[in-house]
Q: 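Here you go, one structure.
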2 protein chains.
Amino acid sequence: MANIKDVARLANVSVATVSRVINSKGYVNEHTKELVMKAIEELNYVPNEIARSLYRKSSKIIGVIIPDLKNEFFNDMISGMEEVILHHGYKTMLCTSKESIDREKEYLQIFSTNKIDGLILCSNSPDIASYTNLDIPIVALDRIISKDIPSVTADNYMGGILAANRLMSLGCKNIVQFRGPSTVAPANERCNGFLETMNRDPYIRVHTVELDFSTDNTSEIYKFLITHPQIDGIFAGSDIIAARAMRCLKKLGRSVPEDVQIVGYDNISICEFTDPTITTIAQPIQSMGEIAAETLFKLIKKEPIEQLHITLPVELIERESTK
Amino acid sequence: MANIKDVARLANVSVATVSRVINSKGYVNEHTKELVMKAIEELNYVPNEIARSLYRKSSKIIGVIIPDLKNEFFNDMISGMEEVILHHGYKTMLCTSKESIDREKEYLQIFSTNKIDGLILCSNSPDIASYTNLDIPIVALDRIISKDIPSVTADNYMGGILAANRLMSLGCKNIVQFRGPSTVAPANERCNGFLETMNRDPYIRVHTVELDFSTDNTSEIYKFLITHPQIDGIFAGSDIIAARAMRCLKKLGRSVPEDVQIVGYDNISICEFTDPTITTIAQPIQSMGEIAAETLFKLIKKEPIEQLHITLPVELIERESTK
DNA sequence: TTGAAAGCGCTACCAA
DNA sequence: TTGGTAGCGCTTTCAA
């Protein structure tokens with residue numbers, strides 16, 4: 001593979017001149033430029049980004065750590081980010097932590113040695129940032145990891161409130177909340193918003209069941225529902241949970257939304273495919289990814305950012321699982 | 001950020017010695033080693049991978065191009081790959097082409113300048129590889145892009161046969177095949193296997209409808225089904241299509257599997273969430289990703305590979321959309 | 001067992 | 001407008 005020296009030799013100029021041409025920087029005679037271009041063409045030359053990176057001490061790579069790829073929620077986020085990152089002329093180094101802090105640390109180490117220019121982090125470990133000697137901009141996504149690290153999250157507290165209000169106005173009196181693990185901040189906020197709203201009505205009974213989202217929790221859902229036949233409303237921590245609950249109810253001979261009404265969370269595509277379709281709290285997932293990336297680039301370019309912690313609005317989407 | 005020189009100075013040795021220590025290569029006195037280790041610790045030193053990459057002319061990065069992230073099928077593939085890539089000490093640079101050849105070329109260019117060590121490519125452009133001056137190992141995934149580029153695919157032809165046999169043995173006489181675009185090789189193979197099998201029975205009528213998978217094609221499905229009320233069997237090119245068809249049938253008051261039987265394709269999670277659940281042709285998606293990555297590393301290490309084109313078996317998974 | 005120095009491919013400074 | 005060259009941080013030869 002040809003390098004800048006080869007081009008210089010063929011064009012009969014110095015490497016400095018070639019460099020000026022490929023970077024369109026500094027003075028270079030039109031004729032000389034043509035000579036260089038021809039040599040580049042002939043040798044099929046492409047500049048070596050690694051050498052450039054070494055000189056400029058920056059790789060133009062953005063590191064991204066998310067818990068899991070097998071999750072439409074995170075996929076939509078990444079999809080949003082990738083566009084922005086590409087558009088800014090950077091590359092994406094994508095990593096999944098599988099919710100393991102050791103793996104997060106491993107990737108952080110890799111990022112550190114590879115001189116990434118920015119990091120988008122979706123982690124449950126509040127002190128994760130301290131495990132890195134990375135002195136580059138970081139944006140926390142979906143979860144706040146520290147007071148002074150910029151973040152982009154959805155309004156989870158409001159999500160809980162919206163779900164509660166809906167189920168209440170629908171007349172549900174015996175409600176179960178299948179919530180995510182307490183190690184995950186958004187799950188806690190949703191739970192808080194939900195319970196605080198519910199607690200205003202003394203005639204409503206609310207059960208809370210905490211589930212591990214990373215494994216198949218159908219049997220736990222089933223176990224709860226079979227032992228609590230009086231349940232008439234469900235707030236599910238994710239649309240997947242909502243779909244599973246619906247299947248369990250069906251097996252138990254209870255119909256949705258006639259006997260039990262369900263509100264899910266996220267608004268991923270599955271909501272439209274179940275029967276009945278799922279009423280849910282929609283998060284602006286793709287926007288979250290885009291805004292996180294945009295914020296990161298503002299930090300990289302040392303532009304001012306309006307606010308450290310950006311909270312995006314959520315919205316209730318009415319479908320068939322409520323009436 | 002400290003560099004190797006700083007460490008050398010602090011430990012009172014040469015950079016060559018530090019290099020030997022951090023690479024555990026060549027002779028170095030036990031005591032000297034300790035001194036160096038202490039200096040590394042004290043300075044919080046991490047070697048600069050970019051400088052290393054420049055020297056060794058390899059970035060330890062694997063480029064991955066897939067059509068779309070918002071597709072469970074590809075996510076599962078990537079999930080499989082990532083593990084293998086990490087395990088081999090490499091990094092993943094992930095890119096989505098959005099089925100655009102220009103975007104593929106753009107990323108190929110980026111890969112070329114970034115000296116990636118290997119490429120996993122899922123593309124519909126048969127001549128895409130020629131657009132790159134990359135002289136690195138390439139593995140084609142899910143689709144064969146050229147006779148001499150190693151590939152990992154599922155047995156799409158057999159998938160078509162399995163689906164056809166099932167619908168035939170179920171007694172369907174009026175069948176529609178909602179197939180993927182003819183620009184996508186796997187869609188063609190499935191179609192061939194399906195039609196060749198179906199054609200053996202002169203009493204069966206088969207319609208073929210070609211759909212664009214990248215947009216919402218529900219209305220086309222609906223239009224076909226409403227104008228062909230005699231349909232009693234459907235072979236869907238993906239589980240998503242199968243799910244959409246089921247919703248359309250429901251709207252039309254036709255029940256699955258009583259009036260119409262459906263076989264999907266892929267075996268993604270949605271199969272379990274619809275009602276009825278979807279009978280489908282299962283592809284070993286995650287394995288495809290893993291094997292593609294394993295093959296790539298064999299090529300990188302110049303180890304022999306057993307066969308250039310690996311075809312993985314598919315399997316019919318019986319669920320409720322057939323009886 | 002250690003160190004000096006060349007070189008990986010590039011950019012940018014300074015001189016000409 | 002051009003070229004020589006130092007230097008980005010590292011590895012590896014070669015000599016000591």
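So you know, we letter chains A, B, ... as the sequences are listed, proteins then strands, and number each from 1.
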Q: Do A:Val18 and A:Val13 make a side-chain contact, defined as non-hydrogen atoms from C-beta onward lying under 4.5 Å apart?
A: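 In short, these two side chains touch, coming nearer than 4.5 Å.
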Q: Looking at B:Asp117, B:Ile61, B:Ile65, which hits side chain to side chain contact (heavy atoms under 4.5 Å, CB included) with B:Phe111?
A: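 Single pass found, and it is B:Ile65.
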Q: Applying side chain to side chain donor-acceptor pair (under 3.5 Å) between A:Asn114 and each of B:Lys91, B:Glu49, B:Arg52, report the one that passes.
A: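 Exactly one option meets the side chain to side chain donor-acceptor pair (under 3.5 Å) with A:Asn114, and it is B:Lys91.
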Q: State, to the nearest 10°, the angle formed by the axis through the first five base pairs of the helix from C:dT1-D:dA16 to C:dA16-D:dT1 and the axis through its last five.
A: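 One end axis against the other gives 50°.
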Q: Can you tell me which nucleotide in D:dT1, C:dT1, C:dG3 comes closest to the side chain of B:Thr17?
A: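 The answer is C:dG3.
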Q: On DNA chain C, check which nucleotide each of B:Lys57 and B:Ser14 is closest to and give me the residue with the more 5' one.
A: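 Nearest nucleotide further toward 5': that of B:Ser14.
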Q: With a 4.0 Å cutoff (strictly under), does any side-chain N or O of B:Thr32 reach OP1 or OP2 of C:dT1?
A: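 No.
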Q: Taking everything shown except A:His87 itself, do over 12 heavy atoms lie less than 6.0 Å from its NE2?
A: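 Count not over threshold, so no.
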Q: What integer distance in Å separates A:Ile40:CD1 from C:dG9:C1'?
A: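 Checked: the CD1 to C1' distance equals 14 Å.
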Q: To the nearest angstrom, how far is B:Arg9 atom CZ from D:dG9 atom P?
A: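 About 11 Å, once rounded to whole Å.
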Q: What's the CG-P distance between A:Asp6 and C:dC8, to the nearest Å?
A: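 Going from CG in A:Asp6 over to P in C:dC8 covers 10 Å.
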Q: Does some side-chain heavy atom of A:Leu69 sit less than 4.5 Å from a side-chain heavy atom of B:Ile78?
A: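 When only atoms from C-beta onward are counted, A:Leu69 and B:Ile78 do touch, with a gap below 4.5 Å.
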Q: In the 5'-to-3' direction, what one-character label does each nucleotide of nucleotides 10-16 of chain D receive under the scheme B = base within less than 4.0 Å of a protein heavy atom, S = sugar-phosphate only, - = no such atom?
A: SBBB---
Q: Kindly determine whether A:Asp266 and A:Gln283 satisfy side-chain hydrogen bond (donor to acceptor under 3.5 Å, both in side chains), including the steps that lead there.
A: CA-CA 5 Å; A:Asp266 287 345; A:Gln283 306 199 63; 2.9 Å; yes
Q: Does the side chain of B:Val139 come within less than 4.5 Å of B:Ser151's, by heavy atoms?
A: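 No - every pair of side-chain heavy atoms lies 4.5 Å or more apart.
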Q: Round to the nearest Å and state the distance from A:Ile50 atom CD1 to C:dG7 atom P.
A: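 Computing the A:Ile50:CD1 to C:dG7:P distance gives 20 Å.
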Q: Mind calculating the distance between NZ (A:Lys60) and P (D:dC8) to the nearest angstrom?
A: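 The answer, rounded to whole Å, is 20 Å.
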Q: Specify the separation, in whole Å, of atom CZ of A:Arg56 and atom P of C:dG9.
A: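 Computing the A:Arg56:CZ to C:dG9:P distance gives 17 Å.
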Q: Tell me the interatomic distance from A:Leu54, atom CG, to D:dC8, atom P, rounded to whole angstroms.
A: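 Taking CG of A:Leu54 and P of D:dC8, I get 9 Å after rounding.
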Q: What's the CG-P distance between B:Asn114 and C:dG9, to the nearest Å?
A: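 In whole Å, C:dG9 P lies 15 Å from B:Asn114 CG.
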Q: Answer whether the closest heavy-atom distance between the side chains of B:Ile285 and B:Phe74 falls below 4.5 Å.
A: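 Of all side-chain heavy-atom pairs linking B:Phe74 with B:Ile285, none is under 4.5 Å.
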Q: Quick check: do A:Tyr90 and A:Val84 have side-chain heavy atoms less than 4.5 Å from each other?
A: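 Heavy-atom side-chain distance check fails, nothing below 4.5 Å.
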